[in-house]
Colleague: 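Please find one structure pasted underneath; my questions will follow.
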Amino acid sequence: MCSVVYMLLATGMFFFQDTYFSLGGMELSLKNPCALAIVFLALLNFIATVRLDRLLVLSRHTAVQALPYLIPLVFSSVIWVSTRAESAAVLNGVSMILPQLLSVMVAAATLYLFGGRGLWYCLGAMCAANFISVLVVICVGGPAAFLQEFYTLLVTFTQETGPLMMQLETHDLTFAFGPFLLYLLLHWKTSPHPALWLALIAFFSLVGLKRIAFPALALGLLAALLVRRLPDKAARQTALCAAAAMMAVSFLYITGIRYGLFDYLETHFGLDTKGRAELFANVAPYYDISFPYLGRGTGFERTVEWFSGVEYGVPLRTQTQIHNDFLRMYLNIGFVGYWVWLWSWLPARLSYWFRRAGKDVGCLFLGICVYCFVLYATDNTIYYPYTMIACALVPMACELDAQAEAALERRCAQWSGGAHGELNEL
């Protein structure tokens, strides 16, 4: 019964991304009640079952996975207080961070309900939601038109697309398949029905095709495979070096943008930057590459129409996105906040997964980090809830059942030892 309720809620959560309702004058996505219901379902299940083994492990995992989302909240709070920000700006920023934390909670709730099998339940719900979306589009436009547009999309590699394919272009769902695919390819022999899952992931990824996902996935898989070949200690050290390199490259990237990198590429190499040179030029007046730069608070990017440079007095969800999550984070939380956020996102979590779960899980998480690194440099993935669920759930699911059993045995031994000690004192 619990699995049926979960699948209905999770499928609804993945399907209703762009379905909104109004509450107190605010537009809210219908996916959020579904996500909250999943967390509530896990809470009810905890009250009924009290699985201490899973709780002991998932509480640590959840705290570590939520860390990169808590850091911006802390630094933004300082900015809002020091600048006496209006309540609308604070509410806007908090409304962007809370869905990130909710995504991690959904991942933890899924794994509490089903253990390591939760990975496949979540992936199944994603595929079911995609399948329903495809059926809706086929019913509206007809199977012949769907197949023709799908063929054109693949042949032109998204250069040409039709109205039916545009309805299925849910970037968040497409990117969310990446961590699952990395897990499948790295754990092919131990995965149930891997060929079937690969076929489903491949089809739905192609339906919502995003070109940047291919190099991101390839680099993530390559990094994980190469590091996994090393001895345990060397693998961990290499992963941390890779993390340091990604931190440095991300900072050099936004520094280059600040000082005209895209203008240079357009002028000297004739590179088509798809309007990014003009967009980044409009961002430049709002930040400095310097230690004293404090930042403007999470959500500030919603107050400017970046393609025109027009600033509005209130944040608007419909504003043009910056298409660079590294620049967005630096703009919002400043120099110090940016480096603390990078530390929490990369070396802190990589070190945790290598230490707590072993080399295989650490290498998988490195692959996910590389995958996200490419997406963050070119898109707005950092606030995509489905992608965040996948990135949090996949490493937490690895070896979860064995870790939970071992954690409970250790805790029982501690409790038993404490009880014996008290008896001896008596």
Side-chain angles (χ1 to χ4, degrees), residues 57 59-76 97 100-101 103-104 107 178-179 182-183 186 216 219-255 289 291 295 298 324-330 332-377 381-382 387-388 390-399 403:
V57 175
S59 58
R60 292 196 304 264
H61 289 357
T62 303
V64 170
Q65 292 296 77
L67 186 60
Y69 311 131
L70 293 172
I71 295 298
L73 179 60
V74 171
F75 279 91
S76 295
I97 294 172
Q100 293 181 309
L101 299 175
S103 296
V104 179
L182 282 172
Y183 176 89
L186 291 170
L219 288 173
L221 180 61
L222 180 63
L225 288 173
L226 289 177
V227 175
R228 197 167 68 169
R229 296 175 64 89
L230 301 173
D232 290 1
K233 185 177 180 180
R236 179 175 176 272
Q237 292 173 341
T238 303
L240 291 176
C241 288
M246 285 190 282
M247 293 171 67
V249 169
S250 74
F251 184 74
L252 291 174
Y253 183 42
I254 60 176
T255 301
I289 305 296
F291 183 83
T298 297
N324 185 325
D325 282 327
F326 294 121
L327 179 56
R328 185 209 304 243
M329 292 301 294
Y330 186 87
N332 286 341
I333 59 178
F335 186 96
V336 175
Y338 182 76
W339 282 102
V340 175
W341 170 74
L342 282 177
W343 167 83
S344 69
W345 175 50
L346 287 168
R349 295 198 298 174
L350 271 170
S351 179
Y352 173 84
W353 287 113
F354 270 97
R355 185 177 67 255
R356 286 287 182 178
K359 182 175 72 173
D360 284 350
V361 182
C363 291
L364 170 64
F365 188 70
L366 173 64
I368 292 173
C369 288
V370 172
Y371 173 76
C372 290
F373 181 88
V374 178
L375 299 184
Y376 288 0
T381 326
I382 200 167
T387 305
M388 286 185 285
C391 291
L393 185 144
V394 169
M396 288 200 294
C398 295
E399 307 294 335
Q403 292 176 36

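No experiment lies behind these values; they were computed from the predicted model shown. All values below come from the heavy atoms of this structure, side chains included, with hydrogens, waters and symmetry mates left out.
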Colleague: Looking at F335 versus F75, is the centre-to-centre ring distance below 6.0 Å?
Modeller: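 Centroid distance F335-F75: not below 6.0 Å, so no.
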
Colleague: Taking all atoms of both residues into account, what is the closest heavy-atom pair of M329 and P72, and its distance?
Modeller: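 Heavy atoms only, the tightest pair is CE-CG, 3.4 Å.
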
Colleague: Go through it in stages, so that I can follow the logic: the residues are I368 and V394, the test is side chain to side chain contact (heavy atoms under 4.5 Å, CB included), and I'd like the CA-CA distance, side-chain angles, deciding distance and then a yes or no.
Modeller: CA-CA 9 Å; I368 292 173; V394 169; 4.1 Å; yes

Colleague: CG/L240 to CG/L366 distance, rounded to the nearest 0.5 angstrom?
Modeller: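 One finds 9.5 Å between CG of L240 and CG of L366.
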
Colleague: Could you pull out all donor-acceptor pairs under 3.5 Å where a side-chain atom in residues 219-229 meets a protein atom, sequence neighbours excluded?
Modeller:
from : atom 1 : to   : atom 2 : distance (Å)
R228 : NH1    : L186 : O      : 2.9

Colleague: If I take atom CG from residue L342 and atom CZ from residue F251, how far apart are they, to the nearest 0.5 angstrom?
Modeller: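 Here the interatomic distance stands at 9.5 Å.
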
Colleague: Can you tell if the side chain of L346 reaches within under 4.5 Å of the side chain of C369, non-hydrogen atoms only?
Modeller: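 Result yes, sub-4.5 Å side-chain heavy-atom pair found.
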
Colleague: Working note: M396 + T62, criterion side chain to side chain contact (heavy atoms under 4.5 Å, CB included); need CA distance, chi angles, decisive distance, verdict.
Modeller: CA-CA 8 Å; M396 288 200 294; T62 303; 4.3 Å; yes

Colleague: Taking S76's backbone N and O only, do any of them form a donor-acceptor pair with N332's side chain (distance below 3.5 Å, no angle check)?
Modeller: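 Judged by distance alone, no pair lies under 3.5 Å.
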
Colleague: Ignoring hydrogens, what is the shortest heavy-atom contact between V64 and P68? Give both atom names and the distance.
Modeller: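 Nearest heavy atoms, V64 then P68: O-CD, 3.7 Å.
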
Colleague: Enter the distance from Y69:OH to I382:CD1 here, rounded to the nearest 0.5 Å.
Modeller: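 So the OH of Y69 and the CD1 of I382 are separated by 7.0 Å.
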
Colleague: Identify the two heavy atoms, one from A235 and one from L230, that lie closest to each other, and give their separation to 0.1 Å.
Modeller: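 The pair with the smallest heavy-atom distance is N-CB, 3.9 Å.
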
Colleague: Roughly how far, to the nearest 0.5 Å, is the CZ atom of R328 from the CD1 atom of I254?
Modeller: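 The distance works out to 13.5 Å.
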
Colleague: Side chains of I333 and V74: closer than 4.5 Å at any heavy-atom pair?
Modeller: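 Sidechains of V74 and I333: no contact.
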
Colleague: Can you see which heavy atom on L350 is nearest to which on G362, and at what distance?
Modeller: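 Nearest pair, atom of L350 first, then G362: CD2-O, 3.9 Å.
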
Colleague: Answer whether the closest heavy-atom distance between the side chains of C398 and F365 falls below 4.5 Å.
Modeller: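 Not touching, per the 4.5 Å side-chain cut-off.
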
Colleague: Is F373 close to M247 at the side-chain level, that is, under 4.5 Å between some pair of heavy atoms?
Modeller: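 They are not in contact (no side-chain heavy atoms under 4.5 Å apart), so the answer is no.
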
Colleague: Return the minimal non-hydrogen interatomic distance between A216 and L375, and the atom names on each side.
Modeller: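 Heavy-atom minimum between the residues: CB-CD2, 4.1 Å.
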
Colleague: Just how far is it from atom CZ of R236 to atom SG of C363, taken to the nearest 0.5 Å?
Modeller: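 The distance works out to 12.5 Å.
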
Colleague: From L252 CG over to I289 CD1, what is the distance, rounded to the nearest 0.5 angstrom?
Modeller: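 Nearest 0.5 Å value for the CG-CD1 distance: 10.0 Å.
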
Colleague: Are F354 and K233 side-chain neighbours, meaning at least one heavy-atom pair lies under 4.5 Å?
Modeller: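 No, too far: nothing below the 4.5 Å cut-off.
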
Colleague: Quick one: closest heavy-atom pair of A390 and P395, and the distance?
Modeller: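 So the two residues come closest at O-CD, 4.4 Å.
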
Colleague: With side-chain hydrogen bond (donor to acceptor under 3.5 Å, both in side chains) as the rule and sequence neighbours excluded, what pairs involving residues 335-350 come up?
Modeller: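 side-chain hydrogen bond (donor to acceptor under 3.5 Å, both in side chains) check on residues 335-350 returns Q65-R349, S250-Y338.
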
Colleague: Please tell me if the side chains of W353 and L364 come closer than 4.5 Å, counting only heavy atoms from C-beta onward.
Modeller: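 Result no, sub-4.5 Å side-chain heavy-atom pair not found.
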
